Amino acid sequence: MPADLLEGLNPDQLAAVTAPGSALVLAGAGSGKTRVLTTRIAWLVQNAQVSPMGLLAVTFTNKAAKEMLTRLSAMLPINTRGMWVGTFHGLCNRLLRAHHRDAGLPQLFQILDSADQLSAIKRLMKALNVDTDKYEPRKLQHFINMNKEAGLRADKVEAWDPYTRRLTELFGEYDGQCHREGVVDFAELLLRSYELLSRNALLREHYQTRFRHILVDEFQDTSKLQYAWLQLLAGPDTTLFAVGDDDQSIYAFRGADVGNMGVFMRDLGIEAPIKLTQNYRSHSTILDAANAVISRNENRLGKDLWTDAGVGEQIRHYQANDDREEAGFVVEAIRELYREGLGYSDIAILYRSNAQSRAIEHALFTAGLPYRVYGGQRFFERAEIKHALAYMRLIANPEDDNALLRVVNFPTRGVGARTLELLDAAARQGGMPLWQAACAGGGKNKGLAGFVTLIEAMRAEASDLPLPEVAEIVVERSGLLAHYRAEKEGESRIENLNELTNAALAFAQESDDHSLTAFLAHAALEAGDHEAGASADAVQLMTVHAAKGLEFHTVFITGLEEGLFPHENALSEVDGLEEERRLMYVALTRARRRLFISHAQMRMLHGQPRYGLPSRFLEEIPAALVHSLNRRPAAPAYAAPAARSPGVQPPQPSRNLPHKIGARVSHARYGEGVVSGYQGQGTEAEIRIAFPKVGDKWFLLDYVKLTAC
DNA sequence: AACTCTTTAGTCGCG
DNA sequence: CTAAAGAGTT
């Protein structure tokens, strides 16, 4: 009954769920966003008689898509089969597989993840004899992806200077190589399916009539291209329902464009967004702090979170002398919380950058407290798994040069650099893939011939077997298992290889397409949460970015120092500070009940001491909401460095000059020298040292390691 | 081909 | 400092 469905919704949530036309929902942190989204889908099916076939819901992460489906099947008796629910990339993949001919792709096109893409780019640059000092592969990768995300192919990029012109040329060459090899990178999935829909009117109209309702989660994270893609899918009679929070937009650096929210309202003639401001997560002290901080931003649609859950505890602030002491404080506080009966997994420790986790991990480890660090290497990105997948890719398509190069000599079988050089030359001469060249001239090199035989044998053996057995055969026959058995530290790698069989098994059960290609696409699109011990009771360590969407009883926000949080690199970017502030807003709103914030006056960063002022975000939290845990009111935070280098004018307050001009210092490579000057600001700051033998040298102050002598 | 030494770079990171 | 990639050596 629909009545049940809508029970317990607040008036704003109800308005969102039952919105008659297109709507933009401004959903604050903890305001029941996912519930609104799933309830609306259920309501559309039950009440508005919309067929599941006519629904498309798109999210950013596989996790969110999965959760939506799980909740939905709990709400609805009917099956969710006909619905299109998934990530942008997942849905584009689906579209391109279904219409691969129209999209100009081979039926079994492979998906390159970012690492694959980078190695493809390196290979291309090598083949074209590009100077990789002048044109860095990573830069080119970024250039390509940024342009594709803006919807631009190489022939559409406007390049005014020779450097950009060359990059654009290489972009074109790269797309040519991808086309020849039948591979598609992540950005290409989107661009290609956008182009498919925009060129093919028949196809476009088919989907436009099919999808009556399109729902978008985390709309503030959509890029320009993703928005354009959505517009193509939405026909004149399609209702669009977008949910997002401009205050939680923290992914501008990877193409997200909050401006889409305003554009969306204008395009669809929406007068005002539906605002969900009642928060069901935190006490009001936490929300007041978050509201106060975010209110300093100028570019926002504007909303304040509120709750009827009560005031709650004050926020606790701790000022540490250094990062070790900060970590020690966190450990002590956690012990206390545990004694009070809190589970470890109810506690999260957040930091701005990954490098900060080391000190905290060390303290937790020494104290014997269980912890789990989020966002390490993902399952399908581990070297041994990528090796196994490369063999599987070769079974599916031996002309996959990327895959061949990855494993042609792994485990080693006597195919060295020289052999590869010859192979490459032969392939280029004949204008064919490496595999064909290897087959043709295979007799010359014993190892290479063995490789060809091996792959062919594996292909033959695997042809009629179910997916999990194919995985098993690949792992065994390729010699990977034997190789890692012989290795001293190969234990966990062998476990992972066995886990691959499990992953294939799980995939075969969940998906209705059991093909090898489908599994490979799955591996590329879902880097995988196959992590061991994920369910254990452990303190959760993660970056603020990784914490988005999660909530914890108790949250520690560490490293609240100028230059770190807000990060100095962000300050030089347009709207950088506002994005950092949104990041702080996300961090604050993760806490349900108890919030600790801390900063250190000194911290070791890249092996160098760094003195930081307390973050401005600390001052932006109203003092009445904060309780200081330092016995004495903290001394001015910036006393130590000034005292350390008397007489030296710091170029900026957040850095001290570690050595006086004229001081004798020692450098690991050049030996002893005399400090002769400074220049530059921020990360550019350099120190000049006169060495007796090599003369004057400039070093970046951030990285150089010097000892006084 | 395997191993070791040197060099380099370092914000955040979904698919 | 540290991890990873590249260069150089045996």
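In what follows, chains carry the letters A, B, and so on, assigned in the order in which the sequence lines appear, proteins first and then strands, with residues in each chain numbered from 1. This one's a predicted model, so the numbers in the text were calculated from it and none came from an experiment.
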Spacing of [X] atom [atom1] relative to [N] atom [atom2], expressed in whole Å:
| X | N | atom1 | atom2 | result |
| --- | --- | --- | --- | --- |
| L118(A) | dG13(B) | CG | P | 18 Å |
| Q226(A) | dC14(B) | CD | C1' | 10 Å |
| E188(A) | dC14(B) | CD | P | 21 Å |
| K148(A) | dG15(B) | NZ | P | 19 Å |
| L350(A) | dG13(B) | CG | P | 12 Å |
| E562(A) | dT11(B) | CD | P | 18 Å |
| L605(A) | dT2(C) | CG | C1' | 12 Å |
| E136(A) | dG6(C) | CD | C1' | 14 Å |

Ring centroids of H545(A) and dC12(B) base under 5.5 Å with planes under 30°: no
Are the ring of Y251(A) and the six-membered base ring of dC12(B) within the stacking cut-offs of under 5.5 Å and under 30°?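 Taking the rule of under 5.5 Å and under 30°, the ring of Y251(A) does not stack on dC12(B).
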Near DNA chain B, under 4.0 Å by heavy atom, which residues of residues 404-413 of chain A? N409(A), T412(A)
For K548(A) and D245(A), run salt bridge (charged side-chain N to carboxylate O under 4.0 Å, His left out): C-alpha distance rounded to whole Å, both residues' side-chain angles, the deciding distance at 0.1 Å, then the answer. CA-CA 12 Å; K548(A) 197 177 118 189; D245(A) 181 0; over 6 Å; no
Counting only side-chain N and O atoms of [X], is one of them less than 4.0 Å from OP1 or OP2 of [N]?
| X | N | value |
| --- | --- | --- |
| T543(A) | dG13(B) | yes |
| R378(A) | dG15(B) | yes |
| K122(A) | dG6(C) | yes |

Using the closest heavy atom to pick a nucleotide of DNA chain B for each, name whichever of E580(A) or F88(A) lands nearer the 5' end.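 Taking each residue's closest nucleotide, the earlier one in sequence belongs to E580(A).
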Position toward the 5' end of DNA chain B (nearest nucleotide), T87(A) or T419(A):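 Checking each residue's closest nucleotide, the 5'-ward one belongs to T419(A).
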Check every strand shown and say whether [X] touches a base, only sugar-phosphate, or nothing at a heavy-atom separation below 4.0 Å.
| X | answer |
| --- | --- |
| E573(A) | base |
| K548(A) | nothing |
| V415(A) | sugar-phosphate |
| D221(A) | nothing |
| N354(A) | sugar-phosphate |

Cation-pi check, R372(A) to Y374(A): give yes when NZ or CZ is under 6.0 Å from the six-membered ring centre and within 45° of the ring axis, no otherwise. yes
Given the ring of F171(A), does R153(A) sit roughly above its face, with NZ or CZ under 6.0 Å from the centre of the six-membered ring and within 45° of the axis? no
Consider the side chain of [X], meaning its heavy atoms from C-beta on, and name the nucleotide among [options] that approaches it most closely.
| X | options | answer |
| --- | --- | --- |
| R358(A) | dG13(B), dG15(B), dT2(C) | dT2(C) |
| H606(A) | dC12(B), dC1(C), dG15(B) | dC1(C) |
| H567(A) | dG13(B), dG15(B), dT11(B) | dT11(B) |

dG10(B) base / S353(A) side chain donor-acceptor hit below 3.5 Å: no
Charged N to carboxylate O under 4.0 angstrom, D116(A) versus R393(A)?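 Salt bridge: yes.
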Residues in side-chain contact (heavy atoms from CB on, under 4.5 Å) contact with R324(A), at least two apart in sequence or another chain: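 Result, side-chain contact (heavy atoms from CB on, under 4.5 Å) vs R324(A): D322(A).
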Show the numbers, then the answer: is there a ring-ring contact (aromatic ring centres under 6.0 Å, His included) between H387(A) and Y484(A)? CA-CA 12 Å; H387(A) 283 134; Y484(A) 288 120; 7.2 Å; no
Locate the shortest heavy-atom distance separating G447(A) from V415(A); write the atom from each residue and the value. C-CG2, 3.7 Å
State whether the number of non-hydrogen atoms from other residues, nucleotides or ligands found under 6.0 Å of K224(A) atom NZ is greater than 12.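 It does not: K224(A) NZ has 12 such atoms or fewer within range.
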Run the ring pair (Phe, Tyr, Trp, His ring centres under 6.0 Å) test against Y174(A) and tell me which residues pass, sequence neighbours left out. none
